[in-house]
Amino acid sequence: MRERNVGKCLLFLLCLNVVSSVVMAAAPPTCPADTGSGCGSDSGEWDGEFFPGIPKIKYEGPSSKNPLSFKWYNAEEEILGEKMKDWMRFSVAFWHTFRGTGADPFGAPTKSWPWEDGTNSLAMAKKRLRANFEFLEKLGVERWCFHDRDIAPEGKTLEETNANLDEVVALAKELQGDKFHLLWGTAQLFLQPRYMHGAATSSELGVYAYAAAQVKKAMEVTHHLGGENYVFWGGREGYQSLLNTDMERELNHMARFMEAAVAYKKKIGFNGTLLIEPKPQEPTKHQYDWDAATSANFLRKYGLIGEFKLNIECNHATLAGHSCHHELETARINGLLGNIDANSGDPQIGWDTDQFLMDVAEATLVMQTVIKNGGLAPGGFNFDAKLRRESTDVEDIFIAHIAGMDTLARGLRNAAKLIEEGSLNDLVRKRYQSFDSELGSAIESGKADFELLEKKALEWGEPKVPSGKQELAEMIFQSAL
């Protein structure tokens with residue numbers, strides 16, 4: 001009897017060993033993605049997990065204390081008839097998330113992720129790209145954005161640079177598959193010394209031509225990857241001094257550049273939206289796309305109003321002396337709201353800090369405009385935001401994005417609550433109710449001349465001006481937060 005039991009135990013252990021071997025062979029490697037981990041494949045490419053200690057992020061509700069979970073963002077939940085993920089269309093910014101070093105104007109880099117080897121080689125570029133898609137998978141975000149020079153290194157010649165980009169983009173296409181999507185691509189026309197006087201507004205013809213070639217290639221790869229938009233951020237399209245600047249000529253050159261971009265977009269069959277991203281200054285003293293209103297005026301002046309929309313960045317709004325809500329509303333009422341760079345700035349710091357948006361009140365105002373706009377598609381919310389210099393743990397990348405997503409999700413919930421409750425909308429409507437009269441309708445339809453208005457003013461005498469009820473409006477708004 002004892003021998004039979006021993007035999008059964010040995011048989012069980014043998015079976016268990018076989019099953020374990022099969023499972024281990026089928027499971028992907030889970031060792032960390034550091035350069036000395038020895039987890040490389042035969043081809044020399046590392047093929048394990050970049051975030052082995054991070055689970056797939058799930059919605060756990062407002063009562064959860066787990067920092068690696070969503071408290072307010074529930075992707076499939078419907079708000080005002082649309083799923084949250086469709087209202088948001090979240091995207092991860094490759095340059096901040098995977099190329100951010102923590103450096104600032106006063107200090108050296110503080111971050112070097114475990115998978116970095118200190119080079120800007122093609123092999124390293126591919127490793128970063130794999131990290132990006134693992135991050136998207138675990139975070140539960142379907143979209144990403146990039147600058148051309150962030151995903152692939154610049155070569156010694158334009159031909160070599162383009163070849164590098166093609167090689168990395170081929171891998172990106174493979175990794176995207178059917179699950180992930182490119183919200184937008186763009187060309188980095190501000191970091192390289194050749195662009196110190198600008199790109200489309202450079203005083204040098206050779207630089208203008210080089211910038212055009214770079215944008216041409218960036219548009220091609222964006223189209224190849226199924227990009228939904230293409231962004232122009234004029235980081236150095238401006239001036240430091242008007243004493244040595246022909247501003248009119250530079251603006252005309254920039255317009256010709258944009259016209260050529262529109263023409264090439266149509267030539268290659270790219271159906272994405274072209275976006276201009278306003279910013280007032282930094283690095284230049286004055287940039288030509290100062291804010292939403294300035295950019296709208298530029299587009300109208302040069303007959304481009306139907307060809308572009310705007311990518312509004314909240315931190316850029318702060319630098320221009322506006323609120324993000326103001327910039328979004330300006331873009332919306334001009335029919336130009338295309339995309340939002342979801343970040344914020346510190347009012348006590350005078351530069352572009354690109355912090356994750358954590359202010360629920362601001363997020364609520366942002367989502368009010370998005371709802372009025374009927375959503376952002378084919379645009380979305382791109383996290384053009386970076387970890388603080390002092391945040392150096394790999395898990396901080398997840399925590400920052402989770403917090404940003406939750407903040408905007410709370411904003412959506414609050415904005416929906418305000419709409420459904422209706423008090424704030426009623427307050428605004430009543431404030432303008434005098435224009436709902438026959439004369440008000442005539443004014444708004446352009447049928448009331450000065451003679452008619454003078455006649456009414458003489459007839460009515462001194463007008464009574466009611467309270468604006470600002471404190472009540474703020475009370476109603478705060479009650480929804």
Side-chain angles (χ1 to χ4, degrees), residues 57-75 77-80 82-92 139-141 312-318 322-329 332 337 340-349 353-373 375-376 380-388 391 396 398-425 427-428 470-481:
I57 309 302
K58 298 179 180 179
Y59 173 71
E60 295 184 2
S63 62
S64 175
K65 303 299 182 184
N66 176 13
L68 294 175
S69 72
F70 294 118
K71 287 79 178 170
W72 300 95
Y73 177 64
N74 186 9
E77 182 181 347
E78 287 197 2
I79 303 289
L80 298 177
E82 294 282 347
K83 292 181 179 180
M84 293 190 83
K85 68 177 184 179
D86 295 328
W87 278 118
M88 306 303 192
R89 293 170 59 83
F90 285 129
S91 171
V92 170
L139 186 63
V141 169
I312 300 298
E313 180 176 316
C314 290
N315 199 171
H316 292 178
T318 306
H322 306 308
S323 67
C324 188
H325 191 209
H326 167 89
E327 285 291 89
L328 293 173
E329 281 292 280
R332 182 187 69 81
L337 180 54
I340 299 173
D341 273 5
N343 63 16
S344 64
D346 190 321
Q348 293 178 301
I349 298 177
T353 54
D354 286 333
Q355 297 170 225
F356 279 83
L357 178 58
M358 304 290 191
D359 187 325
V360 176
E362 184 175 13
T364 302
L365 293 169
V366 167
M367 292 313 304
Q368 278 187 315
T369 296
V370 171
I371 292 169
K372 286 181 184 178
N373 199 59
L376 292 172
F381 282 96
N382 174 49
F383 284 110
D384 187 6
K386 58 190 175 186
L387 294 179
R388 296 303 85 202
S391 298
D396 293 336
F398 282 88
I399 291 170
H401 283 82
I402 290 167
M405 293 165 74
D406 268 343
T407 299
L408 283 162
R410 286 186 74 179
L412 175 61
R413 293 175 185 276
N414 293 342
K417 189 190 306 182
L418 286 166
I419 290 170
E420 290 166 346
E421 198 274 330
S423 295
L424 190 57
N425 284 342
L427 186 152
V428 175
Q470 182 174 331
E471 290 76 16
L472 177 57
E474 291 174 355
M475 180 187 290
I476 295 169
F477 178 77
Q478 290 294 330
S479 70
L481 301 184

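The first residue in the sequence is number 1, and the count goes up from there.
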- Query: Quick one: CG on Leu376 to CG on Asp86, what's the gap to the nearest 0.5 Å?
  - Reply: 11.5 Å
- What's the shortest heavy-atom distance between Gly345 and Thr353, and which atoms? CA-OG1, 3.4 Å
- Can you tell if the side chain of Asn382 reaches within under 4.5 Å of the side chain of Ile340, non-hydrogen atoms only? no
- In terms of heavy-atom contacts, Ala385 and Ala342 come closest through CB-O, 4.1 Å
- Please examine the side chains of Ile419 and Gln368, heavy atoms only from C-beta on, and report whether any two atoms are closer than 4.5 Å. no
- Message: For the CG atom of Leu418 and the OG atom of Ser479, what is their distance to the nearest 0.5 Å?
- Response: 6.5 Å
- Task: Can you measure from SG (Cys314) to CG (Asp341) and round to the nearest 0.5 angstrom?
- Result: 8.5 Å
- Taking all atoms of both residues into account, what is the closest heavy-atom pair of Ser69 and Ser64, and its distance? OG-OG, 3.1 Å
- Query: Taking atom NZ of Lys386 and atom CG of Asn343, what is their separation to the nearest 0.5 Å?
  - Reply: 10.0 Å
- Query: Do you know the tightest heavy-atom contact between Phe356 and Ser344?
  - Reply: O-OG, 3.6 Å
- Message: What I want to check is whether the side chains of Thr369 and Glu329 have a donor and an acceptor closer together than 3.5 Å.
- Response: yes
- Query: Side chains of Asn66 and Lys58: closer than 4.5 Å at any heavy-atom pair?
  - Reply: no
- Item | Heavy-atom side-chain proximity of Trp72 to Leu412 below 4.5 angstrom | no
- So, Gln355 versus Asn315: side-chain donor-acceptor pair below 3.5 Å or not? no
- Message: Quick one, Ile402 and Leu139 - any side-chain contact, counting heavy atoms below 4.5 Å?
- Response: yes
- Result for side chain to side chain contact (heavy atoms under 4.5 Å, CB included) between Met367 and one of Glu362, Arg413, Met88 points to Met88
- Check for a donor-acceptor pair, side chain of Lys417 on one end and backbone N or O of Ala480 on the other, with a separation under 3.5 Å. yes
- Tell me, yes or no, whether the heavy-atom count around Met358 atom CE, taken from other residues, nucleotides or ligands under 6.0 Å, exceeds 12. yes
- Verify, without hydrogens or angle tests, whether Asp406 (side chain) and Lys71 (backbone) share a donor-acceptor contact under 3.5 angstrom. yes
- Item | Nearest-0.5 Å distance that lies between atom CD in Glu471 and atom CD1 in Ile476 | 11.5 Å
- Query: Going through the checks in order, is the side chain to side chain contact (heavy atoms under 4.5 Å, CB included) test met by Phe381 and Val366?
  - Reply: CA-CA 11 Å; Phe381 282 96; Val366 167; 3.8 Å; yes
- Would you mind reporting whether Thr364 and Phe477 have side-chain heavy atoms less than 4.5 Å apart? yes
- Item | Interatomic distance, Tyr73 atom OH to Ile57 atom CD1 [nearest 0.5 angstrom] | 13.0 Å
- Check whether any side-chain heavy atom of Val141 lies under 4.5 Å from a side-chain heavy atom of Met405, and answer yes or no. yes
- Task: Apply side chain to side chain contact (heavy atoms under 4.5 Å, CB included) to the pair Asp354 and Glu313, showing each step before the final yes or no.
- Result: CA-CA 9 Å; Asp354 286 333; Glu313 180 176 316; 3.0 Å; yes
